[in-house]
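All values reported here derive from a predicted model rather than from experimental measurement. Position 1 is the first residue of the sequence, and the numbers go up from there. All ligand and atom numbering here is 1-based and tracks the order in the structure.
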Amino acid sequence: MFNKRIKIKKLLGGQPSGQQVTVMGWVKSFRNNQFIALNDGSTNSNIQVVTELGKFDEALLRRITISAALKVSGQLVPSLGKGQQMEIKAGEIIILGDSDAEKYPLQPKKHSLEFLREIAHLRFRTNTFGAVFRVRHSLAFAIHQFFNEKGFVYLHTPIITASDAEGAGEMFKVTTLPFDNTPRTADGEVNYKEDFFGRATNLTVSGQLEGELGATGLGEIYTFGPTFRAENSNTPRHLAEFWMIEPEMAFCDLEDNMNLAEEFIKYIIRYAMEHNREDLDFLQQRLMEEEKQLPQDKRSEMNLLSKLEFVLNNAFERITYTEAVDILLLSPPYKKKKFQYEVKWGMDLQSEHERYLVEKHFKKPVIVTDYPAAIKAFYMRQNDDGKTVAAMDILAPGIGEIVGGSQREERLEKLEARMKAMNVPQEELSWYLDTRRFGTVPHAGFGLGFERMVQFVTGMSNIRDVIPFPRTPKNAAF
Ligand code: ATP
Ligand code: MN
């Protein structure tokens, strides 16, 4: 058997007592022809491998270059040097893969995140991205664990859909029709009858509508899958392909929904703090270095771990949209005309407004509820005031909107009236309306953008740095 290795994380968690071990990994550095720092991706820490002078061929030593892949067997012993507790006295070194140091794009120095994005295929070998993707993994695992503990069913909603859930965003078309000689109907329209599915289809922007179908039979479900939006927004918070978690609960109102969302967010943050301490310490350090470049007033008031701790230990602020608008109208930036966008009841809150509320006014996550019906989707439950709907958005410091959710309209006539008013075709969504025709129940749910959550926990300021291979306008490399 080839793989009898021990992972470096496990090895570093044990005691060095002269035992024989085998590790495999990539060379981070090789000092004085004697000290190899080896990393295998299981942890940010390297294991030091010592090559006793004279023991190995010059020819072999010359091949121990940065990012070469090695198999090392030897004795694990306490280290005499500073900076590490243990090291491997190399008995055998096998070069698994050479790496030409002259050509290798990653040098042992600081590279900008922008540069690393261009070599996203190699950035997993850096400390920063090792930490980010281990944290991302933990958060994903914690999400499944949270819902599993609560008895939710993981529902796989379709990626190719024929419905535009809610006009949540611009959609990517899915078709097998040719661009030239496109089949046309008599009146010149594209004839989708000849397309693969016999109708127009697109990549999903949200699994919610199908999620509601699941919840109104299974009780409580969640989705966790890729979502696509062809929005041409080049921001540090938008991707064309991102992952969304969408729980949907029968027998649930807006307050239950908010409580679940808050408990959920705290649970997964706590999980990462308990399981990824070393990575988060590293990311905190990284963020501090990065923020040194910024003027004092642009730096975070709290370091990364204190911020996460603070979120765990404090209840999210809950305010209505109307209260939020009132706060904004009385705010210094409004009075000094510092906001770019208008603040007025009935208009959507822009990112600058959301950030003022969470970062300056409340200084913690805020749940904004009861938005004007006119700016929200057709399926949100109409409030008795006739103007607002039972919506809730959760806003997080540094990120803005992280969750969007609502109690759904379960009353058939009200829902139909709303669809008519908003020009949502009822025939096409007849299957959706059936849940209201047969045993309708109060129900609610929300969508959490996974990458925004990963950004929040890792402190990475650009969403392109928390997904392995980002898809953004004019960029689908790798
Ligand atoms: P925004 O106003 O920030 O564009 P949205 O109102 O379009 O968000 P929803 O349709 O409510 O967002 O989607 C639910 C969640 O999905 C959001 O709260 C956010 O966390 C995430 N999200 C939405 N669009 C994107 C995107 N393009 N890239 C990454 N995450 C996104
Ligand atoms: Mn959007």
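- For atom 4 (O) of ligand 1, the nearest non-hydrogen atom from the set Glu170, His238, Gln208 comes from His238.
- Under the 4.0 angstrom criterion for non-hydrogen atoms, Arg229 is in contact with ligand 1.
- Taking a cut-off of under 4.0 Å to the non-hydrogen atoms of Arg237, the atoms of ligand 1 that pass are 3 (O), 28 (N), 29 (C).
- Not a single heavy atom of Met453 lies less than 4.0 angstrom from ligand 1.
- The existence of a salt bridge linking Glu220 and Lys150 is excluded, since no basic side-chain nitrogen approaches an acidic carboxylate oxygen closer than 4.0 Å.
- A salt bridge is defined here as a Lys NZ or Arg NE, NH1 or NH2 lying under 4.0 Å from an Asp or Glu carboxylate O, and Glu428 with Arg199 fails to meet this definition.
- Of all atoms in ligand 1, numbered sequentially from 1 with element shown, those under 4.0 Å from a heavy atom of Glu231 are 24 (N), 26 (C), 27 (N).
- Listed here is the closest heavy atom pair of Phe339 and Ser331: CE1-OG, 3.6 Å.
- Of the candidates Lys376, Glu401, Arg452, Glu401 brings a heavy atom nearest to atom 11 (O) of ligand 1.
- Distances between N or O atoms of Leu239 and those of ligand 1 include at least one value under 3.5 Å.
- Those atoms of ligand 1 with a heavy atom of Gly447 less than 4.0 angstrom away are 14 (C), 15 (C).
- A salt bridge links Arg436 with Glu212: at least one charged nitrogen is closer than 4.0 Å to a carboxylate oxygen.
- In terms of N/O distances under 3.5 Å, ligand 1 is approached by Ile402.
- Residue Gly449 has at least one nitrogen or oxygen atom sitting less than 3.5 Å from a nitrogen or oxygen atom of ligand 1, judged on distance alone.
- Ion pairing between Lys110 and Glu289 fails under the 4.0 Å rule for side-chain N and carboxylate O.
- At a threshold of 4.0 Å, the pair Lys363-Glu301 counts as salt-bridged, since one of the basic side-chain nitrogens sits closer than that to a carboxylate oxygen.
- Here Met249 contributes atom CE and Phe152 contributes atom CZ; the two are 5.5 Å apart, rounded to the nearest 0.5 Å.
- Listed by atom number, the atoms of ligand 1 under 4.0 Å from Val403 heavy atoms are 18 (O).
- Remark: distances from the non-hydrogen atoms of Ile463 to ligand 1 include one below 4.0 Å.
- Listed here is the closest heavy atom pair of Asn46 and Leu12: O-CD1, 4.2 Å.
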